[in-house]
There are 2 protein chains.
Amino acid sequence: MSADETPWLDDRQQQAWRAWLAMGSRLPAALNRQLQRDSDLSLQDFDVLVQLTDTEDGRVRVSALAAALGWERSRLSHHVTRMERRGLVAREECGDDGRGAFVVLTPEGRAAIEAAAPGHVRTVRSLVFDALTPAEVASLEAITSKVLGRLEDA
Amino acid sequence: MSADETPWLDDRQQQAWRAWLAMGSRLPAALNRQLQRDSDLSLQDFDVLVQLTDTEDGRVRVSALAAALGWERSRLSHHVTRMERRGLVAREECGDDGRGAFVVLTPEGRAAIEAAAPGHVRTVRSLVFDALTPAEVASLEAITSKVLGRLEDA
DNA sequence: CCAACATGCGTGACATGTCAACCATTCCCG
DNA sequence: CGGGAATGGTTGACATGTCACGCATGTTGG
């Protein structure tokens, strides 16, 4: 960290970075508002439910779920406790491994996400994809994948 | 919401969307870790300090600051209270408008951000921009701006 | 002038996320 | 075997964000 070995961002990078940051905070907020308003679910609730519906029997081990979501286990544990209280999911013991636990989708949970999904997708489309050309979508995917790669290395 | 008027996302859109979501949660986390570790600042502290250093005299009205950050005023108020306790910023009354208040950068705050900035920029570059071609940066800026436009309309 | 209303900000109760312990089980190796 | 280390999960204390409200000042219309 001697004299000046850290080049600042150039103008275009600055602009992209600021826009990126702004979008990164406002887009999730907007999605959350819509879900909350129309379906009484938070974006986080929705993410959990998506993971569960992605599996055959709606049962996932806690750690696997945390990994899939990119959450800390303790955060997930707290969140599952809250969702359990609302009847959206349930905990279940794991026969194979006495320590383990499953999170399972309840019928209420399934009903909730099925009711919420169409509106959510509609919102995502209208806020993001309807504004983008196919080439831009491809570009977005390329960019995010590259950055994700960097993040995994670090 | 009759039969099936909500087209799901196509494969490429799905992929882009998932990558986007993953990056949206992991990148801020990584930046936060670096700042916290090297400079004892949270990413939010940093954002506040950036806004203050962007002005001539390091003084900004609370509402203007909240708007610039895209935060709720009450969130900012709490955060300023905490930063004030650490000596990074201070509150100041507003002569023009007896209700108003300024947030001002203290010398300690200025020192903190000046110390933190190089490492932060280095991290942003290495995680994001070093991986991208100029064309991709341009594309990123175009995409994020379009989406931001949508968000403002809504 | 002054009574409503609007605006700028702070506060307190509560929801959520993080961090560091803490069991209970399972693994591993002497 | 048996005992320490590793693993899976939870919990509690605390940091942060949200929401609804309160208070003081400012603004406006009769």
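Letters A, B, ... mirror the listed sequences (proteins, then strands); counts begin at 1.
Using a 4.0 Å cut-off, some side-chain N or O of R82(B) falls inside it from OP1 or OP2 of dT16(D). Taking only side-chain nitrogens and oxygens, Q44(A) never comes nearer than 4.0 Å to OP1 or OP2 of dA15(C). Applying the 4.0 Å criterion to OP1 and OP2 of dG8(C), one finds that R99(B) has every side-chain N and O outside that range. Using a 4.0 Å cut-off, no side-chain N or O of Q36(A) falls inside it from OP1 or OP2 of dT18(D).
If you measure from atom NE2 of H79(B) to atom P of dG10(C), you get 14 Å, rounded to the nearest angstrom. Nucleotide dT16(C) holds its C1' atom 14 Å from the CG atom of D47(A), rounded to whole Å. If you measure from atom CD of E93(A) to atom P of dT10(D), you get 11 Å, rounded to the nearest angstrom. Nucleotide dA15(C) holds its C1' atom 14 Å from the CG atom of D40(A), rounded to whole Å. Here the P atom of nucleotide dA21(C) and the CD atom of E72(A) are 15 Å apart, to the nearest Å. For the pair R61(B) CZ and dT7(C) C1', the interatomic distance rounds to 10 Å; values are reported in whole Å. Rounded to whole Å, the distance from CG on D96(B) to C1' on dA24(D) is 17 Å. To the nearest angstrom, C1' of dG17(D) lies 15 Å from CG of L43(B).
When heavy atoms are screened at a 4.0 angstrom cut-off, R33(A) is found touching no nucleic acid atom at all. Within 4.0 Å (heavy atoms only), S42(A) reaches no atom of the nucleic acid at all. Across all strands, H78(B) comes closer than 4.0 Å to base atoms (heavy-atom distances).
Ionic pairing of R18(A) and D11(A) is not present here: no N-O contact between side-chain nitrogen and carboxylate oxygen is shorter than 4.0 angstrom. A salt bridge is absent between R82(B) and D45(B): the closest approach of a Lys/Arg side-chain nitrogen to an acidic carboxylate oxygen does not fall below 4.0 angstrom. By the 4.0 Å N-to-carboxylate-O rule, D57(A) lies close enough to R59(A) to be salt-bridged with it.
Closest to the D97(A) side chain, of the nucleotides dG17(C), dG8(D), dG8(C), is dG8(D). Nearest to the side chain of R75(B), among dT18(D), dG10(C), dT11(D), sits dT18(D).
When each of L76(B) and R73(A) is assigned the nucleotide of DNA chain C with its nearest heavy atom, L76(B) is the one assigned upstream, toward the 5' end. When the nearest nucleotides of DNA chain C are assigned to G100(B) and W71(A) by heavy-atom distance, the more 5′-ward of the two goes with G100(B). Comparing D45(B) and G95(B) along DNA chain D, the residue whose closest nucleotide (by nearest heavy atom) sits nearer the 5' end is D45(B).
If you look at W20(A) and W20(B), their ring centroids are closer than 6.0 Å.
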Worksheet entry | Derivation and outcome, side chain to side chain donor-acceptor pair (under 3.5 Å), residues R91(A) and T81(A) | CA-CA 9 Å; R91(A) 288 182 213 260; T81(A) 302; 2.6 Å; yes
